[in-house]
Amino acid sequence: MNEKVLIVDDELEFIDALAERMSARGMDVTKSGSAADALDEVKKKGFDVVVLDLQMPEMDGLEALKILKAQKPEIQVILLTGHATVEKGIEAMKLGAMDLLEKPADLSVLTEKIHKAQAKKMILVEKKAEKRIQDIMETKAW
Amino acid sequence: MTQSVEKLIQEGGVGYFGAMTASVSHEIKNCLAIMNENAGLMTDLILLSQQRPPLDLERIQSITERITGQIHRADTILKNLNVFSHSMDKPVQPVDLSQAVQLAASLGRRISENRRITVQHQPPEKPVEVTAPFFFLLYLIWTILEGALDAMPSGSTLDITCSEKKGLPVISLFSKAVIKPGIEKAMTLTASQHLLTLIPVEVAVDSTTTELIFGLPRPTHNPLP
């Protein structure tokens, strides 16, 4: 199944090239130039994975991650940053990011992480569905 | 190095140096990331053309133009960083004020962009020269700029110019955006006591144009204590 990926970065030349390369590898890619636009996109469309730049104007990646995870906890987030520090990494993981990659990233590494993220999302969605069925069965006393 | 200068470096100089190099290294990483993706895209297109010829040469040309653009961007950033790193070479030196303003704004570009504020600098018709400790002059200009950024709403534009008024070098700030009242006082207070001893600045507001005016001295002697 094609991964539905949203790439968010204020460097438009970067997301243009990255999106084209990811699309050529069979992914369904949407681009967004700001965190605010990305949050709107997420409301409109179901994504498996969001590849999010850490440092962006107005709303940074960590703030966007917090909102995103509150809205759609099953979406997997991979953060991209110019300089990955241990502190940032820990903070990102605590907020629910799946991984943190340093720019410039190797596309084969990013692609592998996206595959894993999609698989993780599928498991979460399945678990959520199972839980719902279980809840319905319990309330209906079946 | 005198005690006063040492204190000034400890007070904010190191922090300023750190903030600027962090801003610049982030910009360079972004250039490298764009070059990396575009080089990868070119490889993808070449590999695809081996299965499905022909190779789209116009596409390849536009990608190489993008890479060249990023090389120029990174080169400018590194040139600025080099000038910045040599700004402490001499205790005082003659400095083109307009070039110093341009450099201070460029070094902190990532910071102003993160606040979504555009800093525009129009060079003066005649060069305005000051004799100053270059590093601390850059630090002072950034303190002024950052103070203005703090007082401006996101999405606005700040114009910064240099000129000579009544024989004194002057930096003027102007924005159509609403600037918080009392900002000139706040900016003077933000610049540390020691920085202002080294480069005394007179601050005024032109009531007709609402420009913020920073008058710099033109020292004829070494201002370092």
Side-chain angles (χ1 to χ4, degrees), chain A residues 5 7-27 29 31-38 51-64 78-88 100-112 114, chain B residues 18-19 21-52 56 59-60 62-74 77 108-119 149 152-157:
Chain A
V5 185
I7 318 174
V8 193
D9 199 306
D10 61 313
E11 290 282 352
L12 301 181
E13 283 191 22
F14 172 71
I15 54 172
D16 282 348
L18 181 61
E20 193 172 344
R21 297 185 74 201
M22 285 163 66
S23 299
R25 282 157 181 80
M27 294 177 223
V29 186
K31 299 176 282 182
S32 193
S34 74
D37 285 350
V51 178
L52 190 61
D53 183 28
L54 199 59
Q55 215 180 79
M56 283 183 291
E58 282 196 296
M59 191 192 295
D60 71 10
L62 289 180
E63 209 181 325
I78 297 168
L79 284 162
L80 274 182
T81 175
H83 297 282
T85 60
V86 177
E87 293 80 21
K88 285 273 177 207
L100 180 80
L101 282 179
E102 197 166 313
K103 282 183 189 173
D106 188 331
L107 187 60
S108 60
V109 176
L110 180 62
T111 306
E112 201 188 311
I114 288 170
Chain B
T21 47
S23 161
V24 163
S25 66
H26 191 93
E27 288 265 297
I28 295 168
K29 277 280 200 167
N30 274 337
C31 292
L32 290 174
I34 296 169
M35 284 189 252
N36 183 53
E37 288 317 320
N38 280 290
L41 181 57
M42 211 148 49
T43 309
D44 284 358
L45 292 173
I46 291 166
L47 288 173
L48 280 172
S49 76
Q50 287 167 356
Q51 292 167 1
R52 279 174 282 164
D56 185 346
R59 197 71 223 289
I60 295 289
S62 89
I63 297 168
T64 55
E65 277 166 10
R66 273 196 206 175
I67 294 173
T68 310
Q70 290 304 318
I71 291 169
H72 289 313
R73 180 183 166 195
I77 295 167
R109 199 172 73 98
R110 188 78 206 165
I111 298 167
S112 48
E113 274 183 358
N114 277 348
R115 298 180 194 191
R116 281 200 58 231
I117 295 173
T118 309
V119 178
L149 297 179
M152 292 170 65
S154 171
S156 48
T157 301

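Below, chains carry the letters A, B, ... as their sequence lines are ordered, and counting in each starts from 1.
- Only the side chain of A/Glu102 comes within less than 4.5 Å of a heavy atom of chain B; its backbone N, CA, C and O stay farther away.
- When the salt bridge (Lys or Arg N to Asp or Glu O under 4.0 Å) test is applied to A/Glu11, the partners found at least two apart in sequence or on another chain are B/Arg73, B/Arg110.
- Applying the salt bridge (Lys or Arg N to Asp or Glu O under 4.0 Å) rule to A/Asp106 yields no partners; only residues at least two apart in sequence or on another chain are considered.
- When the candidates B/Glu27, B/Arg115, B/Arg59 are compared by the number of heavy-atom contacts under 4.5 Å with chain A, B/Arg59 comes out ahead.
- Although no hydrogens or angles enter the test, the distance criterion places a donor-acceptor pair under 3.5 Å between the side chain of A/Ser23 and the main chain of A/Ala19.
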Requested in this report: Start with the C-alpha gap between A/Lys88 and A/Asp60, add the side-chain angles, then the distance that decides, and say whether salt bridge (Lys or Arg N to Asp or Glu O under 4.0 Å) holds.
Outcome: CA-CA 12 Å; A/Lys88 285 273 177 207; A/Asp60 71 10; 5.3 Å; no

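- A/Arg25 places a side-chain N or O within 3.5 Å of a backbone atom of A/Arg21 that can act as its donor or acceptor partner.
- Proximity to chain A (any heavy atom under 4.5 Å) is shown, for B/Ser25, by both the backbone and the side chain.
- Of the listed residues A/Met56, A/Lys103, A/Glu58, the one with more heavy-atom pairs under 4.5 angstrom with chain B than any other is A/Glu58.
- Proximity to chain A involves both the backbone and the side chain of B/Asn38, based on heavy atoms less than 4.5 angstrom apart.
- With respect to chain A, the highest number of heavy-atom pairs below 4.5 Å among B/Gly40, B/Ala22, B/Gly155, B/Ser154 belongs to B/Gly40.
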